[in-house]
Novice: 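Here you go, one structure.
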Amino acid sequence: MTHVRVRIAPSPTGPLHIGTARTALFNYLYARHTGGTFVLRLEDTDVARSSEAFERDILDGLHGLGLTWDEGPAVAGLDERGPYGPYRQMARLPLYAEAAERLLAADLAYPCYCTPQELETERRRQKAAMEPPRYAGTCAPLTREQRAARAAEGRPAALRFRVPPGTVAFDDIVRGHVEIDTAALGGDFVLVRADGTPLYHFTVVVDDAAMDITHVIRGEDHLSNTPKHILLFRALGHEVPAFAHLPLILNPDRTKMSKRKSQTAVDDYVAQGFIREALVNYLALLGWSTGTEEEILPLDEIVARFDLSAVNRAGAVFDRDRLEWLNGQWIRRLDPDDLAERLLPFLEAEAVVGAIDRIPALDEVRAIIPLVQERLPVLGAIGDLVGFLFVAEPPLDPALVIPKRWDGATTVSGLAAARDAIESNGQVAFDAEGLEATLRALAAAHDWKAGDLFMAIRVAVTGRTATPPLFETLVALGYERTLARLARACDLVRSASPT
RNA sequence: GCCCCCAUCGUCUAGAGGCCUAGGACGCCACCCUUUCAAGGUGGAGAUCACCGGUUCGAAUCCGGUUGGGGGUACCA
């Protein structure tokens, strides 16, 4: 068996897309599962739309997900790795020129002098006549003399590939046998623009051939293009790699996932606090499953079980709710110290937007992990959950402080009594067990339902009706602040509900 | 239009001729637990396996057709 070589070939024309991440993941999984090599190649020939910022974003994003490559280009801070470089297409221009030269010399390709306007006119005519759009082959039969004449006129030439008649067949690893008549390919297609820059279908094949790629694993949107690629591999005299076309990730309306209809940037998910373990796990399960009922799987486990031929054929709608659930599962499985560290940037972000007044120290965050770990669907929810700990005074709606079964007067006396009880208990006994005992006793003594008292205190001290467990929360708040907030809420309710 | 691909609960999926009166998960609804919120537990609603024909003793599973959906069809990637 030959050594597996697969690649992900993103185009740096936008931030890392969920679809690209998924394709990268499946290539990575296949490479790691088979002990093969995972190559990263930048397809940056669309100079107008490519940028270095996007390059960084894509490579950082992939790394952030834990998808490391064995061979890849140099980007800021990273050296080029691998013996098949360079790994960015703009640095491979001479290779394409050489390949173009070979095809031209063998008459497998020919110069085309048609202008964009002429092509456009023809396309319009075909459309009007209800014919399938295809290149008419105007320049295909040109003799050497005719070509020279056109060149002498100063007409620039694109290079077109001569599409041979017949049918191209291949056995797709996920889709099975596929057969396409080359007549359906739209005629002889362009390899190199008139300005000399090579086009995607050409570069991808030249590079996959040069880099000895053995398995092309990519989105189903490339299935129809595959015959063109196979024809080119043959023309270049290279062995045709195996193909595996992955089902598309879909918008809720079942069209190909797009920026317009879905959140597609991996960055955005990360910024909201989706963690890499969950993202990778979720993406792996879009189109693949273990065949068992296990769903929560770490990357190495997925690698061990991955099977390309078990990949689904139907497209999969991206379900954010399910991702959130999985994210919560993974957050709960995180080591507490690790979680604390991952939370810090989100608290910093809260401070930046002014949602909290200060950034807690790491130890402080560690201390509250037990309160938040099983209450975070995403890391970004941390501010909402416990932001009240890190502000001077949380905003307080007096009406909210009064429990449903209580009135203002009861609330005032309840809060005052609680404050006094806690204070007389002293700072030494200020722990969760002590607080619970004290406050339960207090409720019993006044014939209040403990839940009502607790709710009044909860809102008084946090400003919210939904919080982590009360006593632990009070402890996190601290003795002094607990007393102060109780007193403040007491005053607020008293003045808001005159008796 | 033409070419290609696809089709099991709303969503992600299990299922590779009898184990299926179709299993799991998310979401939804109830109940339990409970100081709120989560988490967890239990239960429920939810799929005539797109449709029609065939093959077979037997089909979600195989074959053909229909319908529906998607993708491709550039001097974009």
Side-chain angles (χ1 to χ4, degrees), chain A residues 9-11 13-14 43-46 48-50 112 114-116 119-120 123 126-127 129-135 156-160 172 175-176 178-181 183-187 189-195 197-201 203-204 219-227 245 247-248 250 252-256 282 285-296 312-326 328-329 332 372-377 385 403 436 439-440 443 449-455 457-459 462 464-471 473:
Chain A
S11 172
T13 53
E43 306 215 327
D44 55 354
T45 53
D46 186 347
R49 294 192 300 145
S50 294
C112 170
C114 297
T115 64
L119 295 172
E120 183 52 35
R123 245 194 303 276
Q126 289 168 336
K127 188 165 184 162
M130 298 286 269
E131 289 169 24
R134 74 191 320 275
Y135 177 60
L159 185 70
R160 277 185 193 271
D172 192 281
R175 262 143 238 287
V178 178
E179 238 178 86
I180 297 176
D181 192 320
L185 262 31
F189 55 93
V190 175
L191 263 22
V192 182
R193 292 185 183 91
D195 69 3
T197 56
L199 257 15
Y200 170 74
H201 294 308
T203 58
V204 80
E220 197 206 315
D221 45 350
H222 286 292
L223 189 61
S224 301
N225 293 147
T226 303
H245 286 92
L248 259 23
L250 274 21
D253 65 2
R254 305 202 73 88
T255 54
K256 181 163 80 165
Y282 179 71
L285 259 21
L286 272 190
W288 175 80
S289 81
T290 59
T292 70
E293 285 173 359
E294 297 152 283
E295 321 210 71
I296 299 170
N312 250 67
R313 283 180 294 272
V317 173
F318 190 90
D319 182 357
R320 194 202 158 86
D321 282 342
R322 200 167 141 81
L323 207 211
E324 272 203 16
W325 167 76
L326 205 49
Q329 292 294 323
R332 269 167 230 132
V372 301
Q373 187 152 21
E374 64 180 32
R375 272 169 259 266
L376 290 170
L385 227 202
E436 176 158 15
L439 294 172
R440 279 196 192 281
K449 295 200 80 163
D452 290 335
L453 208 221
F454 296 167
M455 184 51 88
I457 298 173
R458 165 176 294 113
V459 180
T462 68
R464 338 196 38 134
T465 54
T467 72
L470 182 61
F471 312 111
T473 300

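Note that these values count all heavy atoms, side chains included, but never hydrogens, waters or copies made by symmetry. What you see is a predicted model, and the numbers here were worked out from it, not measured in a lab. Chain A is the first sequence line, chain B the second, and so forth, proteins listed ahead of strands; every chain is numbered from 1.
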Novice: As an exercise, state the distance from CG of A:L285 to OG1 of A:T290, rounded to the nearest 0.5 Å.
Specialist: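 A:L285 atom CG to A:T290 atom OG1 measures 7.5 Å (nearest 0.5 Å).
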Novice: Name the closest nucleotide to the A:P469 side chain, picking from B:rC26, B:rU36, B:rA77.
Specialist: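 Nearest to the side-chain atoms of A:P469, counting from C-beta on, is B:rU36.
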Novice: Would you say A:Q329 places a side-chain N or O within less than 4.0 Å of OP1 or OP2 belonging to B:rG40?
Specialist: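 Answer yes for this pair, as a side-chain N or O of A:Q329 is under 4.0 Å from OP1 or OP2.
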Novice: Scan every strand shown for a Watson-Crick or G-U wobble partner of B:rG1, both distances under 3.5 Å, and answer none if you come up empty.
Specialist: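 Checking every strand shown, B:rG1 finds its partner in B:rU73, with both distances under 3.5 Å.
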Novice: Rounded to whole angstroms, how far apart are NZ on A:K127 and P on B:rA74?
Specialist: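 The distance from NZ of A:K127 to P of B:rA74 comes to 11 Å, rounded to the nearest Å.
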Novice: When you match A:C114 and A:L470 each to their closest nucleotide on RNA chain B, which lands nearer the 5' end?
Specialist: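 Upstream on the strand: A:L470.
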Novice: In whole angstrom, give me the gap between the C1' atoms of B:rC6 and B:rG46.
Specialist: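 Those two atoms are separated by 24 Å.
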Novice: Identify which nucleotide among B:rA77, B:rG1, B:rU35 has an atom closest to any side-chain atom of A:Y200, counting heavy atoms from C-beta outward.
Specialist: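 The answer is B:rA77, which lies nearest to the side chain.
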Novice: Among A:D452, A:V459, A:I457, find the residue that satisfies the side-chain contact (heavy atoms from CB on, under 4.5 Å) test when tested with A:M455.
Specialist: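 Only match with A:M455 under side-chain contact (heavy atoms from CB on, under 4.5 Å): A:V459.
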Novice: Taking OP1 and OP2 of B:rU35, is either one under 4.0 Å from a side-chain nitrogen or oxygen of A:R440?
Specialist: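 Checking B:rU35 against A:R440, a side-chain N or O does come within under 4.0 Å of OP1 or OP2.
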Novice: State which of B:rC4, B:rA77, B:rU73 makes the closest approach to the side chain of A:P133.
Specialist: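 Output: B:rU73.
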Novice: Which nucleotide, if any, forms a Watson-Crick or G-U wobble pair with B:rC33, using both distances under 3.5 Å?
Specialist: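 Paired with no nucleotide.
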Novice: I want to confirm an ordering. Mapping A:D181 and A:C112 to their closest nucleotides on RNA chain B, which one lands closer to the 5' end?
Specialist: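 It is A:D181 whose nearest nucleotide is closer to the 5' end.
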Novice: Check this one for me: any side-chain N or O of A:R320 less than 4.0 Å away from OP1 or OP2 of B:rC26?
Specialist: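 No, A:R320 has no side-chain N/O under 4.0 Å of OP1/OP2 on B:rC26.
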Novice: Tell which nucleotide pairs with B:rA7, taking only Watson-Crick or G-U wobble pairs whose two distances are both under 3.5 angstrom.
Specialist: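 Paired with B:rU67.
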Novice: Using the C1' atom as the point on both nucleotides, what is the distance between B:rC19 and B:rA39, in whole Å?
Specialist: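 Comparing C1' positions in B:rA39 and B:rC19 gives a spacing of 35 Å.
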Novice: Starting at CZ of A:R464 and ending at P of B:rC37, how long is that distance when rounded to a whole Å?
Specialist: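 That distance rounds to 13 Å.
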Novice: Just how far is it from atom CD of A:Q373 to atom CZ of A:R332, taken to the nearest 0.5 Å?
Specialist: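 A:Q373 atom CD to A:R332 atom CZ measures 9.0 Å (nearest 0.5 Å).
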Novice: Would you check if there is a donor-acceptor pair between the side chains of A:R193 and A:T197 at a distance under 3.5 Å?
Specialist: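 Yes.
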Novice: Output the rounded distance in Å from CG (A:N225) to C1' (B:rG71).
Specialist: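 So the CG-C1' distance, A:N225 to B:rG71, works out to 10 Å.
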Novice: Given that both distances must come in under 3.5 Å, which nucleotide forms a Watson-Crick or G-U wobble pair with B:rA47?
Specialist: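 No nucleotide pairs with B:rA47.
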Novice: Should A:S224 be listed as having a side-chain N or O under 4.0 Å from OP1 or OP2 of B:rC5?
Specialist: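 It does not, given that no N or O in the side chain of A:S224 lies less than 4.0 Å from OP1 or OP2 of B:rC5.
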Novice: Assign a letter to each nucleotide of nucleotides 6-15 of chain B from its 5' end: B, base within under 4.0 Å of a protein heavy atom; S, sugar-phosphate only; -, no contact.
Specialist: SS---BBSS-
Novice: For B:rG18 versus B:rU11, give the span between their C1' atoms, rounded off to a whole number of Å.
Specialist: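 Per the computed distance, 31 Å lies between those C1' atoms.
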Novice: Could you give the distance separating B:rG44 and B:rC26 at their P atoms, to the nearest angstrom?
Specialist: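 One P to the other, the span is 15 Å.
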Novice: Hey, what do you get for CZ (A:R160) to OH (A:Y135), rounding to the nearest 0.5 Å?
Specialist: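 Between atom CZ of A:R160 and atom OH of A:Y135 there are 5.0 Å.
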Novice: Give me the distance, rounded to whole Å, that separates B:rG27 from B:rA16 when you measure between the P atoms they each carry.
Specialist: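 Roughly 28 Å separates the two P atoms.
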Novice: Looking at A:Y200 and A:T45, would you say the former's side chain and the latter's main chain have a donor-acceptor pair under 3.5 Å?
Specialist: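 No, because the side chain of A:Y200 does not come within donor-acceptor range (under 3.5 Å) of the backbone of A:T45.
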Novice: What distance, rounded to whole Å, do you find between the two P atoms, one in B:rG64 and one in B:rA25?
Specialist: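 After rounding to an integer number of Å, I get 36 Å for this pair.
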Novice: For A:E179 and B:rC4, give me the distance from atom CD to atom P, rounded to whole Å.
Specialist: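 Taking atom P of B:rC4 as the reference, CD of A:E179 is at 9 Å.
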Novice: Between B:rA77, B:rC75, B:rC4, which one does the side chain of A:L119 approach most closely?
Specialist: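 That would be B:rC75.
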Novice: Roughly how many Å apart are B:rU61 and B:rU48, using the P atom of each and rounding to a whole number?
Specialist: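 Between the two P atoms, the distance is 15 Å.
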Novice: When the P atoms of B:rG68 and B:rA74 are compared, how many Å lie between them, rounded to an integer?
Specialist: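 Those two atoms are separated by 25 Å.
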Novice: Out of curiosity, A:H201 NE2 to A:T226 OG1, how far, rounded to the nearest 0.5 Å?
Specialist: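 If I round to the nearest 0.5 Å, the distance is 9.5 Å.
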Novice: What nucleotide, of B:rG71, B:rU36, B:rA77, holds the atom closest to the side chain of A:K256?
Specialist: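 Output: B:rG71.
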